[in-house]
Amino acid sequence: GAGVSQSPSNKVTEKGKDVELRCDPISGHTALYWYRQSLGQGLEFLIYFQGNSAPDKSGLPSDRFSAERTGGSVSTLTIQRTQQEDSAVYLCASSLEPPYSYNEQFFGPGTRLTVL
Amino acid sequence: AQKVTQAQTEISVVEKEDVTLDCVYETRDTTYYLFWYKQPPSGELVFLIRRNSFDEQNEISGRYSWNFQKSTSSFNFTITASQVVDSAVYFCALKNYGQNFVFGPGTRLSVLP
């Protein structure tokens, strides 16, 4: 069975450009999370989806960041007018039924974003 | 508020040594789950274990064991006879009912040959 997939695996962009990062969760997983991990750091929560709605967007660092999920499946994280401090690995995770459950999250391989 | 602390930022051991990674959590809930994840150099986080707040039995899986103590709010992870392949960053996480996961900052373990 397929795990969580993310694309692209690496993205290099110039400051000021917009980027889109994609996440394909495990089939049937209703919950989807985005995290950011800067070099050598822990996981920074960005946003959580339950189905297509995002009940928790509290981690989005600024209004340049947005995310959507369609069909209860694929999610796209968009960063507008990228800045050098946006450089990080963006991780996506999915799980079966949170928040009202305790199922573990399954993580994708991440997208390494470099803003020059 | 929920919080997870992993006080050890980095640990280095020599192969075959035992090593314990500490995890201390804070929560006001009585029902919660604790998790450990491994992030090898390849980067993809791998789920290791889930433990609920009502089950304080220690768990052993091969060379891995976990010690859950509610009295000290700790969920420590021990690797026995460490191997080079155990080198990774290990994250402890907490989940309360109806809330998102809270991850600790991680402990980077280096096992030297």
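Heavy atoms only: backbone and side chains are in, while hydrogens, waters and symmetry mates are out. Sequence lines set the chain letters: A, B, ... in the order given, protein chains first and strands last, and positions in each chain run from 1.
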Colleague: Other residues, nucleotides and ligands only: do more than 12 of their heavy atoms fall within 6.0 Å of CD1 on B:I60?
Modeller: no
Colleague: What part of B:F47 lies closer than 4.5 angstrom to a heavy atom of chain A: side chain, backbone, both or neither?
Modeller: side chain
Colleague: Consider only side-chain heavy atoms of I, L, V, M, F, W and Y, link residues closer than 4.5 Å, and tell whether B:L94 and A:Y33 are in one cluster.
Modeller: no
Colleague: Could you please spell out the steps behind the side-chain contact (heavy atoms from CB on, under 4.5 Å) verdict for A:F45 and B:F101?
Modeller: CA-CA 9 Å; A:F45 167 78; B:F101 289 80; over 6 Å; no
Colleague: Quick check on B:Y37 against chain A: is it the side chain, the backbone, both or neither that has a heavy atom closer than 4.5 Å?
Modeller: side chain
Colleague: For A:G108 and B:E44, which heavy atoms make the closest approach, and how far apart are they?
Modeller: O-CG, 3.7 Å
Colleague: Rounded to the nearest 0.5 Å, what separates atom CG in B:N100 from atom CG in A:D56?
Modeller: 5.0 Å
Colleague: Answer with side chain, backbone, both or neither: which region of B:Q6 has an atom nearer than 4.5 Å to a non-hydrogen atom of chain A?
Modeller: neither
Colleague: Is it true that atom CG of A:L116 has more than 12 heavy atoms of other residues, nucleotides or ligands lying nearer than 6.0 Å?
Modeller: yes
Colleague: Please classify the contact between B:S42 and chain A as side chain, backbone, both or neither, with a heavy-atom cut-off of under 4.5 Å.
Modeller: neither
Colleague: Hey, any chance B:V111 and B:L21 share a hydrophobic cluster, counting ILVMFWY side chains that come within less than 4.5 Å of each other, even indirectly?
Modeller: yes
Colleague: Do B:V102 and B:W66 belong together in a cluster built from hydrophobic side chains that touch within less than 4.5 Å?
Modeller: yes
Colleague: Taking all non-hydrogen atoms of both residues into account, name the closest pair between A:N103 and B:R50 and its distance.
Modeller: CA-NH1, 3.6 Å
Colleague: Classify the ring geometry between A:Y35 and B:F103 as parallel (under 30°), tilted (30 to 60°) or perpendicular (over 60°).
Modeller: perpendicular
Colleague: In Å, rounded to the nearest 0.5 Å, how long is the span from CD of A:E104 to CG of B:L48?
Modeller: 11.0 Å
Colleague: Looking at B:K3, I want to see if its NZ is surrounded by more than 12 non-hydrogen atoms of other residues, nucleotides or ligands under 6.0 Å.
Modeller: no
Colleague: Is it the case that one hydrophobic cluster holds both B:V13 and B:I79, taking links as side-chain heavy atoms less than 4.5 Å apart, direct or via other members?
Modeller: yes
Colleague: Measure distances from A:Q37 to the heavy atoms of chain B and classify the residue's part below 4.5 Å as side chain, backbone, both or neither.
Modeller: side chain
Colleague: Would a hydrophobic clustering, with Ile, Leu, Val, Met, Phe, Trp and Tyr connected at side-chain separations under 4.5 Å, put A:L46 with A:I79?
Modeller: yes
